[in-house]
Amino acid sequence: QNDGLRSLPLSGHVGFDSLPDQLVNKSIKQGFCFNILCIGETGTGKSTLIDSLFNTSFDDPVSTHFQPNVRLRAQTYELQESNVRLKLTIVNTVGFGDQINKEDSYQPIVDYIDAQFEAYLQEELKVKRSLFSYHDTRIHACLYFISPTGHSLKTLDLLTMKSLDSKVNIIPIISKADSISKTELQKFKNKLMSELVSNDVQIYQFPTDDETVSQVNTVMNGHLPFAVVGSTEEVKIGNKMVKARQYPWGIVQVENENHCDFVKLREMLICTNMEDLREQTHARHYERYRRCRLEEMGFRDISPENKPVSLQEAYEAKRHEFYLELQRKEEEMRQHFVQRVKEKETVLKEAEQEIQSKFDRLMLMRQEEKLKLEKKKKALEDDMAMFNKKKANAELLQAQAFVSTPVVSLKRDKDRK
Amino acid sequence: PCAGPVESKTEAAMSELVPEPRQKPAVPMKPMGINANLLGYIGIDTIIEQMRKKTMKTGFDFNIMVVGQSGLGKSTLVNTLFKSQVSRKSSGWNREEKIPKTVEIKAIGHVIEEGGVKMKLTVIDTPGFGDQINNENCWEPIEKYINEQYEKFLKEEVNIARKKRIPDTRVHCCLYFISPTGHSLRPLDLEFMKHLSKVVNIIPVIAKADTMTLEEKIEFKQRVRKELEVNGIEFYPQKEFDEDLEDKTENDKIRQESMPFAVVGSDKEYQVNGKRVLGRKTPWGIIEVENLTHCEFALLRDFVIRTHLQDLKEVTHNIHYETYRAKRLNDNGGLPPMTTETEENHESNL
């Protein structure tokens, strides 16, 4: 038990017995975190019970029965009692069990729980991390509200609990227990427990290894699932105001242990086992998630050659992989780019060629036009030359005639011409 | 009075959350102000007891290292601190043993119990430090040892299937023994503290303080403090890690007035004024170790054990270890490669 180390006696008071106090003081400074998930069909009294448990009225609007799918709504509150500050987060399932087809009802819940683990894991894997100031959103306790039908577990309940029992501490409770009589209640409890056992659903067991709490916890384990009644209304009994529900036939007192197990639930959930619930979430459920997730991501403790692989090496391998992937993607993009450039080049070349041929055609046309014009010009010049020649001849003739004939004959010549 | 969500517009945005796997989780809304008006007692404050019980069950680890030239009374002081023969001197070490040629690291663990609290105490001695003719780089083996412990912890932490409680061999506190010359710090002292204050919590102590008068002590302490400041040496408690005003005022007083503690150690008891006290007998009187007018041992003891023990561990874990881890995961090979097998594996990956 001492790891093989010698045990030494002390010759006087040293003072390290103050260590637990030092640790507790640090925790008080930091504050505590507790996250509860409430799963139950609409109208099973989830909000009322939480209000009753924490003696306050958390403002939670009543939801309708007509939600198309299951959603989760998380709200955080800061409570303080003496010098203890508690950051309490209540996650409610909205619309659970309301759909006609309930096949996907539990998936959003599983996803939510996984998402909280994932967020923590991501923080843990960061190179530069701040775990000690991390706001822990992982679900520490799951209160599963079972409808007080008096018969057995609904299929939806079984399926949901089975899908969650390896991820979260499940505490099943029978809600609105004032609708069942005492004898029916015990039969109902037995039936529920046997169904849970026969379907191998792992619900949270209050720890029995610590002598100080083992006795009370063992007794409590035998009362599971707790049958509770919640109420925020107060009724006067004797000379005290107590939380109760008033019926024509009597008053159901929430904190009366003969009436329901509310006090037991509060004892167990908050006063005795809150720390253990947090510890189990971290040491078991989170570790399990982490293991699966890391294996999924391809990390191994033992490499294929059966040599221990450190995460550093795994990081290296992964980094190398990513680097190769990056290179490949780069190459792909480069090729793509080159391809696009080539295509554009071809298009441009074609256009160039087109323009060139157009230009050639135009040049050709111009040439032809030019030739034509030249021809015409030549023809015209020939004509002009001939005309001039004729004119010269005519003038010569005229000059000769003028010498020999009078003007009248010129006129006649002229007319003739 | 009621505790409720802050804004309904954020709530509207929130309720549209359809969780997908691996999506950033629904960030819980800003918490309401502290609700002090709870109607009736719930029992939230019992978590303190629950936590205390849990820690008492698991027990505590504490690893303290002592560094200083031989003959400064390191072993005696540690034994006096823990009122038990926890240091190697008394585990069979012969005073006539030769001083080692290089700095050696010797760690010895014991289990001690007090008031129901079990502590696994490991004392790490560093014989040979500062004793050679040439003391260059004699802090290196010490730095290497400290980093090795961080490495061990990191290796276990990154395992896929890891232990519930990772064994903690990291050095939480390093007592550095300053020679009571009365003048100033030696170059070796400065070099060591400069290098190591970045990786471990260093608490400087002035050893064998019974060789100085009160005035000499005060002056020496002032000079030492000045020198440490001038050289930028941040000893524990480091200014930058003061968490709040309360811490700061408390620690400021310790940093600026009390430290370095001038101590005297002894494992022998004498009768003084009808009481049995730990002390050193000299011709001119008995020096009472736990008497605050004689020396500051009691201050050191209270500081290290009764008030700051948990904080020493937390600073080691949250700061020094995280620094090491970040460096390790960032550098491709900041530290020498593990084994040649590693290189072969890499080869095959390529």
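Naming: A, B, ... by sequence-line order, numbering from 1 per chain. Remember, it's a predicted structure, so these values are computed and weren't measured experimentally. FYI, side chains are in, hydrogens and waters are out, and symmetry mates aren't considered; it's all heavy atoms of this structure.
- Heavy atoms of B:Thr307 lying under 4.5 Å from chain A belong exclusively to its backbone.
- In terms of heavy-atom pairs under 4.5 angstrom with chain B, the leader among A:Ser130, A:Ser82, A:Ala283, A:Pro20 is A:Pro20.
- Looking at B:Arg301, only its side chain comes within 4.5 Å of chain A, counting heavy atoms on both sides.
- Checked by atom type and distance alone, the side chain of B:Gln50 pairs as donor or acceptor with a backbone atom of A:Glu275 at under 3.5 Å.
- With a 4.5 angstrom heavy-atom cutoff, B:Glu314 touches chain A only via side-chain atoms.
- The two residues B:Glu157 and A:Arg290 come nearest to each other via the heavy atoms O-NH2, 3.1 Å.
- Residue B:Asp311 touches chain A through both its backbone and its side chain, counting heavy-atom pairs closer than 4.5 Å.
- Contacts with chain A were tallied for B:Gly115, B:Gly109, B:Gly59; B:Gly109 has the most, counting heavy-atom pairs under 4.5 Å.
- The two atoms that bring A:Pro9 and B:Ser84 nearest to each other are O-OG, 3.2 Å, heavy atoms only.
- Heavy atoms only, all atoms of each residue included: A:Ser27 and B:Met51 are closest at OG-SD, 3.3 Å.
- A:Glu279 touches chain B through its side chain: at least one heavy atom from C-beta onward sits under 4.5 Å away, while N, CA, C and O do not.
- Of all the listed residues (B:Asp244, B:Thr55, B:Thr323, B:Asn318), the one sharing the greatest number of non-hydrogen pairs under 4.5 Å with chain A is B:Asn318.
- Looking only at heavy-atom pairs under 4.5 Å with chain B, the residue among A:Arg291, A:Glu267, A:Arg129, A:Lys29 that has the most is A:Arg129.
- Only the side chain of A:Asn83 comes within less than 4.5 Å of a heavy atom of chain B; its backbone N, CA, C and O stay farther away.
- Contact count against chain A (heavy-atom pairs under 4.5 Å) is highest for B:Lys83 among B:Lys83, B:Glu246, B:Glu322.
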(Q) Working note: B:Gln310 + A:Asn25, criterion side chain to side chain contact (heavy atoms under 4.5 Å, CB included); need CA distance, chi angles, decisive distance, verdict. (A) CA-CA 10 Å; B:Gln310 182 59 28; A:Asn25 283 339; over 6 Å; no
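- Using a 4.5 Å heavy-atom cutoff, the side chains of A:Glu287 and B:Lys164 are not in contact.
- Other residues, nucleotides and ligands place no more than 12 heavy atoms under 6.0 Å from the NZ atom of B:Lys248.
- For A:Val110, no part sits under 4.5 Å from any heavy atom of chain B, backbone or side chain.
- Here the CD-CD1 distance, from A:Gln22 to B:Ile305, works out to 10.0 Å after rounding to the nearest 0.5 Å.
- Residue contact with chain B, scored on non-hydrogen atoms closer than 4.5 Å, involves the side chain of A:Arg266 exclusively.
- Looking at A:His13 and B:Arg306, their side chains come closer than 4.5 Å, going by heavy atoms from C-beta outward.
- Of the atoms belonging to A:His282, not a single heavy atom falls under 4.5 Å from chain B.
- Exactly one of B:Leu121, B:Val304, B:Val117 qualifies for a side chain to side chain contact (heavy atoms under 4.5 Å, CB included) with A:Phe16. That residue is B:Val117.
- Residue contact with chain B, scored on non-hydrogen atoms closer than 4.5 Å, involves the backbone of A:Thr272 exclusively.
- Taking 4.5 Å as the limit, some side-chain heavy atom of B:Arg52 sits within range of a side-chain heavy atom of A:Asp21.
- Contact check for B:His110 versus A:Leu5: no side-chain heavy atoms found under the 4.5 Å cut-off.
- For B:His308, the part lying under 4.5 angstrom from a heavy atom of chain A is the backbone only.
- The structure places NZ of B:Lys313 at 6.5 Å from CG of A:Leu19, a figure rounded to the nearest 0.5 Å.
- Atom CD of A:Glu233 is surrounded by 12 or fewer heavy atoms from other residues, nucleotides or ligands within 6.0 Å.
- No other option in A:Val84, A:Leu86, A:Ile28, A:Leu8 has as many heavy-atom pairs under 4.5 Å with chain B as A:Leu8.
- Evaluation of the salt bridge (Lys or Arg N to Asp or Glu O under 4.0 Å) rule for B:Asp45 yields no partner, not counting sequence neighbours.
- Between B:Met119 and A:Val14 the shortest side-chain heavy-atom distance does not fall below 4.5 Å.
- Exactly one residue among B:Lys53, B:Lys54, B:Lys57 makes a salt bridge (charged side-chain N to carboxylate O under 4.0 Å, His left out) with A:Asp209. That residue is B:Lys57.
- Heavy atoms of B:Met56 lying under 4.5 Å from chain A belong exclusively to its side chain.
- For A:Leu10 against B:Phe82, the heavy-atom pair with the smallest separation is CD2-O, 3.2 Å.
- For B:Phe60, the part lying under 4.5 angstrom from a heavy atom of chain A is the side chain only.
- At a 4.5 Å heavy-atom cutoff, the contact between A:Arg278 and chain B is made by side-chain atoms alone.
- Comparing A:Ser18, A:Cys271, A:Cys292 by heavy-atom pairs within less than 4.5 Å of chain B, the highest count is held by A:Cys271.
- One distance of note links OG of A:Ser7 with NZ of B:Lys118; it measures 7.0 Å at 0.5 Å rounding.
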